[in-house]
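Below is one structure, written out as structure tokens; comments come after it.
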Amino acid sequence: MASANGFFNIISILEKIYSMKEPLVKRIWLFYYDGFRSMTLGRTLWLIIAIKLFIMFFILKLFFFRSELGVYSSQEEKSEHVIKNLTNPK
Amino acid sequence: MLLASLLGLSRLQFALTAMFHWIFVPLTIGLGFIIAIMETYYVRTGNEFWKRTTKFWMKIFAINFAIGIATGIILEFQFGTNWSNYSWFVGDIFGAPLAIEGIFAFFLETTFFAIMFFGWNKVSKNVHLLSTWLVAFGTVLSAMWILVANAWMQYPVGMEFNPDTARNEMVDFWAVALSPIALNKFIHTVTNCFVVAAVAVTGISSWYLLKKREEEFARKSIRIASVFGLISLIILIWSGDGSAYHVAKKQPMKLAAMEGLYRSQIGTPIVAFGILNPKKSISRLERDSLGFALQQPYLFNISIPKGLSLLVDRKSNTFVPGIEDIIQGGYTYINNQGEEVIALPVRERMKRGRVAIGALASYHKAKEVGDDQGKEIALATLKENFGHFGYGYIEKPTDIVPNVPLTFYAFRIMVILGGFFILLFSLAIYLERKGIIYRTRWFLVLSIVSVPLVYICTQAGWIVAEVGRQPWTIQDLLTTGASLSGVSASSVMTTTIMFFVLFSVLLAAELTILFKVIHKGPAQ
């Protein structure tokens, strides 16, 4: 009996979540919220993604991969730099 | 030593990153479709078995996707840091395809990806199935724009060079997107991804059969994967034939390197199997042309008479130029405008390339001093010689020859393994239909061994495509040397080591998680 009640509770919660009366943004939020909460393997994978993105953007990009043309503020300066390189091959 | 130079290190770093990225991409693209087919069975039959099967392969898909995601962004970091001349030179051409790729990837993959994983029991079966298919097609569309950009480098069309900015500007989007090289590359690469995934599914399923576990799951997975793989392989071979046809027209040196063809003849044979003669190397051509000429190109070879002529021109008596023929010029060929022209010697193209570079410099000098007439003359000279622009950076004619042994053997590895996979899928279909696959131990072992082999095959394909087009980053217009930034070799060495460590850790993580999930099996 208890499990049947539990089952109907879940149904009613799902009905509530996906009822058209709920604002769309809230339904989308709950969809993702539930999805992330119910993840098992996904949590490990998200952790790996987060660590990887941190290493890539906050270590590699910031400290090791500065754009050579990034030091110039205008397009003209960038063009001049490249034209100088292209017309004076080493 | 090439590897000690800035150019060598920058190329090594790019190759390492691209090859690592390519470990994940083909499985993601191919598995997406296999999952979608399995889920279609579930929706059509309502059988929970297919749902369980789909969910298991989805897990493998998710692991691969998560570890591989954003590894391609590192290539973009390298464009800005190591290859700034190149990225500026191509900027406007790459901008459109990569922007479209980004938008597609973000909306299609992230939105429908979420429904695919979180949406079981929350959306209808049909909506879920639609999401799975859209994820599969989304990955293909993402890949398409990257491949369009790559094809443009191999065959630059649909653009005009702006001498004021030194950038190529797109004037015909469709010429870029639908160039014959792009179309063939797209079909060839995507079907290759399908084959990788099909071999992976067959291999993993064979492991279950070998362990006497999950028999129904494994047999039905093999059935779908092998049929899917075989159909993909047939299209792959067809598009490979198309690729060879276009490579012969647009990148003859790449084809000559693929064949180890130095001096050609009318009715050129194709080498089915061969061992190159190491004494016939390009460095030897430079220092001793007589001794070089006496050397046979192969220590051993099995050739099909007139095969190469038939392959590249559909005619048995076509002359397919070899490496020395291309360097010396003088043979006739059909150019991009469909006219029959005589090939220029590389030395002549080098001269014209230097004229083009000089004209670009003169144009800017004239612009600085306000000399309009000087600008016009320089511009006309630049336009006339722009097709040879990249040759201006070539120091000696043999510099336009790629690494012949690497290209030659990589091509043969790819083709031989491709043939092997036809056999593998055909056997899988036969044994599965006969109902004896689970007790054909040798086949199950072969299937498992095939998983690393399919990765060797796909990487070999990219080696042919990318090593074979050296020394160009953009065919005939820009060399790898001229594409480089002013970054120091030691800095590239440092980041290469960092990447190697990062990639090794990520790969170890993927394999650990993957093996754990496979070990647990679909029942979990």
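In what follows, every chain begins at residue 1, and chains take the letters A, B, ... in the order their sequences are listed.
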So for [X], is it side chain, backbone, both, or neither that comes closer than 4.5 Å to the heavy atoms of chain A?
{"X": "B:F89", "answer": "side chain"}
{"X": "B:V517", "answer": "side chain"}
{"X": "B:A361", "answer": "both"}
{"X": "B:E510", "answer": "neither"}
{"X": "B:I115", "answer": "both"}
{"X": "B:L502", "answer": "side chain"}
{"X": "B:T165", "answer": "both"}
{"X": "B:F499", "answer": "side chain"}
{"X": "B:R167", "answer": "side chain"}

About how many Å separate [atom2] of [Y] and [atom1] of [X], when rounded to the nearest 0.5 Å?
{"X": "B:Q78", "Y": "A:F64", "atom1": "CD", "atom2": "CZ", "result": "14.0 Å"}
{"X": "B:S84", "Y": "A:H81", "atom1": "OG", "atom2": "NE2", "result": "5.0 Å"}
{"X": "B:T495", "Y": "A:L60", "atom1": "OG1", "atom2": "CG", "result": "8.5 Å"}
{"X": "B:K367", "Y": "A:I83", "atom1": "NZ", "atom2": "CD1", "result": "6.5 Å"}
{"X": "A:E80", "Y": "B:D164", "atom1": "CD", "atom2": "CG", "result": "11.5 Å"}
{"X": "B:E76", "Y": "A:F65", "atom1": "CD", "atom2": "CZ", "result": "12.5 Å"}

Kindly check if the number of other-residue, nucleotide or ligand heavy atoms within 6.0 Å of [atom1] ([X]) is above 12?
{"X": "A:K61", "atom1": "NZ", "answer": "yes"}
{"X": "A:Y32", "atom1": "OH", "answer": "yes"}
{"X": "B:F500", "atom1": "CZ", "answer": "no"}
{"X": "B:E160", "atom1": "CD", "answer": "no"}

Decide yes or no for [X] and [Y]: does some side-chain heavy atom of the first lie under 4.5 Å from some side-chain heavy atom of the second?
{"X": "A:M39", "Y": "B:F118", "answer": "yes"}
{"X": "A:K52", "Y": "B:L506", "answer": "yes"}
{"X": "B:H364", "Y": "A:T87", "answer": "no"}
{"X": "A:L45", "Y": "B:I513", "answer": "yes"}
{"X": "A:D34", "Y": "B:K122", "answer": "yes"}

**Fill in**
Among A:L86, A:L41, A:T44, the residue with the most heavy-atom pairs under 4.5 Å to chain B is A:L86
**Asked** Counting heavy-atom pairs under 4.5 Å to chain B, which of A:G35, A:S38, A:G70 comes out on top?
**Response** A:G35
**Message:** Looking at B:T81 and A:R66, would you say the former's side chain and the latter's main chain have a donor-acceptor pair under 3.5 Å?
**Reply:**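 Checking the backbone N and O of A:R66 against the side chain of B:T81, a donor-acceptor pair under 3.5 Å is found.
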**Request:** Provide the closest heavy-atom pair for B:W88 versus A:S79 in the form atom of the first, atom of the second, distance.
**Result:**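 Scanning both residues completely, I find the closest heavy atoms to be CZ2-OG, 3.1 Å.
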**Message:** If you compare all heavy atoms of A:E68 against all heavy atoms of B:G486, which two are closest, and at what distance to 0.1 Å?
**Reply:**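 Between these two residues, the closest heavy atoms are OE2-N, 2.6 Å.
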**Prompt:** Where does A:L53 contact chain B at under 4.5 Å (heavy atoms): side chain, backbone, both or neither?
**Reply:**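 Interface part for A:L53: side chain.
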**Message:** Using heavy-atom distances under 4.5 Å, tell me whether A:Q75 contacts chain B through its side chain, its backbone, both, or neither.
**Reply:**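 It is both, since atoms from each part get that close.
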**Message:** Tell me if the aromatic rings of B:F77 and A:F57 count as close, with their centers under 6.0 Å from one another.
**Reply:**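 Distance test on ring centres: under 6.0 Å, yes.
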